[in-house]
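Take a look at the structure set out below.
Labels below follow one simple rule: chain letters A, B, ... track the order of the sequence lines, proteins then strands, and each chain is numbered from 1.
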There are 4 protein chains.
Amino acid sequence: MRKNRPKYKQIIDAAVVVIAQHGYHQAQVSKIAKQAGVADGTIYLYFKNKEDILISLFEEKMQLFIEKVSEYIAGDLSPSEKLLKMIENHFKVLAADHHLAVVTQLELRQTNLDLRLKINSVLKEYLTLVDQIIREGMEKGEFDSGLDVRLVRQMIFGTVDETVTTWVMNKEKYDLVSLAAPVHQLIINGCGKKTAV
Amino acid sequence: MRKNRPKYKQIIDAAVVVIAQHGYHQAQVSKIAKQAGVADGTIYLYFKNKEDILISLFEEKMQLFIEKVSEYIAGDLSPSEKLLKMIENHFKVLAADHHLAVVTQLELRQTNLDLRLKINSVLKEYLTLVDQIIREGMEKGEFDSGLDVRLVRQMIFGTVDETVTTWVMNKEKYDLVSLAAPVHQLIINGCGKKTAV
Amino acid sequence: MRKNRPKYKQIIDAAVVVIAQHGYHQAQVSKIAKQAGVADGTIYLYFKNKEDILISLFEEKMQLFIEKVSEYIAGDLSPSEKLLKMIENHFKVLAADHHLAVVTQLELRQTNLDLRLKINSVLKEYLTLVDQIIREGMEKGEFDSGLDVRLVRQMIFGTVDETVTTWVMNKEKYDLVSLAAPVHQLIINGCGKKTAV
Amino acid sequence: MRKNRPKYKQIIDAAVVVIAQHGYHQAQVSKIAKQAGVADGTIYLYFKNKEDILISLFEEKMQLFIEKVSEYIAGDLSPSEKLLKMIENHFKVLAADHHLAVVTQLELRQTNLDLRLKINSVLKEYLTLVDQIIREGMEKGEFDSGLDVRLVRQMIFGTVDETVTTWVMNKEKYDLVSLAAPVHQLIINGCGKKTAV
DNA sequence: TATGAATGAGATTTCATTCAT
DNA sequence: TATGAATGAAATCTCATTCAT
């Protein structure tokens, strides 16, 4: 399996660094090869083409989110607590890796539509986990049972994503992780059962 | 003033159509010129360069959002109602113009970072209006007075934007405007005063 | 006759200024028109095309050289003195008009071959006057009767031209006119030591 | 070193041919590439840009002049004989290569000022050799010790250059090399009759 | 596996010239 | 005569990908 070959990860990490430092449009294959310490042609022994590097990069890094969140979901926290953990994890991973944050929030969005659709389908697995939390919350009576799962998922992901992007665009000059609690609160309020109307 | 000359709008509208139909990276100046019914060189009598077309396009169309929302804000609706109107307007404008929706949600995001920052500064005016609604809601006691305005704004814009993008990516196969009420409800719940905890 | 119409000289003078200030390749017709205070289209009422402006400019300015030299030739100076006068005049005219010097020595040489050939044919009249002086010198026994007139003319013009060009390229930081005497001396006497003076 | 790679000279020679045949302004990179038998992009592996091709071309060919003249200078000819050898060499090199003559005398002068200044600084090495001959002649008492070296150099180079240019413009229809002696004679002795020989 | 020299398609922008007013 | 908005042809350079070694 290609993923086990040493240069596979080497090239992906080089891509993250090069894209973060030079920007998506200045991240030529030759620059990535140089950063990875391999020849240009070697890239093509591990990846079908440049787009494949980016998708693989996204798949690889998305695991960092999915593995953790899967753990939380399997655990016996309440749905609201699971959501908090998920948001915290999302913020922590990106706050811990500046390059990755820049790449996922800013640079990778400059790609063509075709690539974006492929990235979206990688993202789907993550979003499905969000859906599971929402459904569990509704079933357990913690969230309003009349919620539109898709809309709520969009609210959650939209809010989280916009929060991270704004943070990156502001040069990460405030603490992202500490925003997890208030963001969670805003979302939970939105999902919460109406006490009395 | 260039904006009053007939070909200014003509070229911008042509750009929207061409970008929507062919995608950002296939929207060559010559294609836009042809669609606008002018010579390639004529484009440069109205716009400094290709990037300038896109920024102008965004500025021009952003007015469709800002003017309406400014009206609502000036009116005597409650903050919650103003927010609903804003969301409705946002969805209506984009639902009514397929090309524009594709361009703003998908194509214009493929531009380089530099252009995106310029687009963001145009967007700022719109976001400021959202801030005004949030603040008014907090002052009038309709929203929780302890809210972090920036976070709430990010939630609102993030949710609305994600909702529209998902709708566009799903080929607009369901009704966007009817999502205004439930999206608004989700947001209001998030902002609402805690009745009892 | 077009040359008598007021805007003819106005446009030529504008061309000299614009070319001197912005360089040949940045001397667009629209810039010349603006400097001359006329509309772009007006240029074409006086000149067939851009090339025609330049040739006319050269013809016009070449008169400054030819008229004077014709006078000297008609006078009763010795051939050697006539040559000195000619060189002096050449240097004086260019030293007195910085713009003209830059245009003739540097900018006008960047034109395409076709234009240069036309300019050369304008120059021919001037070179013919040089030939007359040489021939007269030979006939009067002041110059060696075995001289190849064409070669001598090339030496004279080549030396004079190279001297002016070097002076312009050195930002005209020394006095050009005072070089007339030694240049004349070199030409008349050559480098060889006079066996007896 | 790039100069040792076979395609470096191949491209330069192709440039000389293409420029001579089609003229400077019609010497597109793609034409040069085709003539050199390489792909357009290959040009840019050897040269920074189009201007770099021209400067390199000039540097490369200038060696043909400099090497020979350096030899003569090192030899034990008299200064006057060295000068004759230099002029002869200058004429021989250009007479032997029609394309090169057209390129250096006509086409390369149509370039913008910036490039011309760079070419001039390459030329400087050659002119320095001329200066050496002049100084040696003055020291050895062969030339007038009161000469202004710069002026003499301008006379020599101006005369030689003008002679070659005229020859090229006249379609090289007479023998250039046989002009070396009379040109040398003119320079050495001037037009003045020797009072005693 | 690994290399890296070579490939070649493709698009923005300028500016001399025209022509309807 | 005079205007100036509109025209449209034309060329440099980049960079993902290949393939002979």
Could you list the donor-acceptor pairs under 3.5 angstrom formed by side chains in residues 97-108 of chain B, with sequence neighbours left out?
from, atom 1, to, atom 2, distance (Å)
D97(B), OD1, H99(B), N, 3.3
D97(B), OD1, L100(B), N, 3.1
H98(B), ND1, E172(B), OE1, 3.2
H98(B), ND1, E172(B), OE2, 2.7
T104(B), OG1, L100(B), O, 3.1
T104(B), OG1, A101(B), O, 3.4
Q105(B), NE2, D161(B), OD1, 3.1
Q105(B), NE2, T165(B), OG1, 2.8
E107(B), OE1, Y24(B), N, 2.8
E107(B), OE1, Q110(B), NE2, 2.7

Within-4.5 Å side-chain heavy-atom neighbours: [X] and [Y]:
X	Y	answer
V38(C)	Y46(C)	no
L57(A)	E60(A)	no
L94(A)	F65(A)	yes

Practice task
Would you indicate which nucleotide in dA16(E), dG8(E), dA11(E) comes nearest to any side-chain atom of A39(D)?
Solution key: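 Nearest to the side chain of A39(D) among the choices is dG8(E).
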Handout entry: Contact nearer the 5' end of DNA chain E, comparing V38(D) with V38(A)
Key =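 Looking at the nearest nucleotide for each, V38(A) comes out on the 5' side.
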Practice task
Using heavy atoms to find the nearest nucleotide of DNA chain E for S30(C) and T42(D) separately, return the residue whose nucleotide is more 5′.
Solution key: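 Upstream on the strand: T42(D).
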Problem - Pair Q10(C)-K7(C), side-chain donor/acceptor within less than 3.5 Å - result: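 No pair is found: no donor N or O on one side chain lies under 3.5 Å from an acceptor on the other.
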When the distance from [atom1] of [X] to [atom2] of [N] is rounded to whole Å, what number comes out?
X	N	atom1	atom2	answer
H22(C)	dT14(E)	NE2	P	16 Å
I43(B)	dT14(E)	CD1	C1'	14 Å
F47(B)	dT12(E)	CZ	P	15 Å
K34(C)	dC15(E)	NZ	C1'	15 Å
Y44(D)	dA9(E)	OH	P	15 Å

Problem - Any donor-acceptor pair under 3.5 Å from K34(A) side chain to A39(A) backbone - result: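 Checking the backbone N and O of A39(A) against the side chain of K34(A), no donor-acceptor pair under 3.5 Å is found.
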Practice task
Could you tell me whether the side chain of K31(B) and the main chain of Q26(B) form a donor-acceptor pair under 3.5 Å?
Solution key: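 Checking the backbone N and O of Q26(B) against the side chain of K31(B), a donor-acceptor pair under 3.5 Å is found.
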Handout entry: dT21(F) versus dT1(E) - spacing of their P atoms, nearest Å
Key =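 About 22 Å, rounded to a whole number of Å.
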Handout entry: Steps toward side chain to side chain contact (heavy atoms under 4.5 Å, CB included) verdict (E51(C), D114(C))
Key = CA-CA 10 Å; E51(C) 184 174 303; D114(C) 191 49; 3.7 Å; yes
Problem - Residue met sooner reading DNA chain F from 5', once D40(D) and G37(C) are mapped to nucleotides - result: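 Whichever sits nearer the 5' end wins; that is G37(C).
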Practice task
Kindly express the pairing pattern of DNA chain F in dot-bracket notation, using | wherever a base pairs with another strand and counting only Watson-Crick or G-U pairs under 3.5 Å.
Solution key: .||||||||||||||||||||
Exercise for the section: On DNA chain F, reading 5' to 3', which nucleotide is the first and which the last to sit with an atom under 4.0 Å from a heavy atom of chain C, could you check? Expected result: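 Contact boundaries, 5' end first: dT1(F) to dG4(F).
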Practice task
Would you mind classifying the nucleic acid contact of V29(D) as base, sugar-phosphate or nothing, using non-hydrogen atoms under 4.0 angstrom?
Solution key: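 The residue V29(D) makes sugar-phosphate contact but no base contact.
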Problem - Criterion side chain to side chain contact (heavy atoms under 4.5 Å, CB included) on Q28(C) and H22(C), from CA distance to verdict - result: CA-CA 9 Å; Q28(C) 295 86 349; H22(C) 300 272; over 6 Å; no
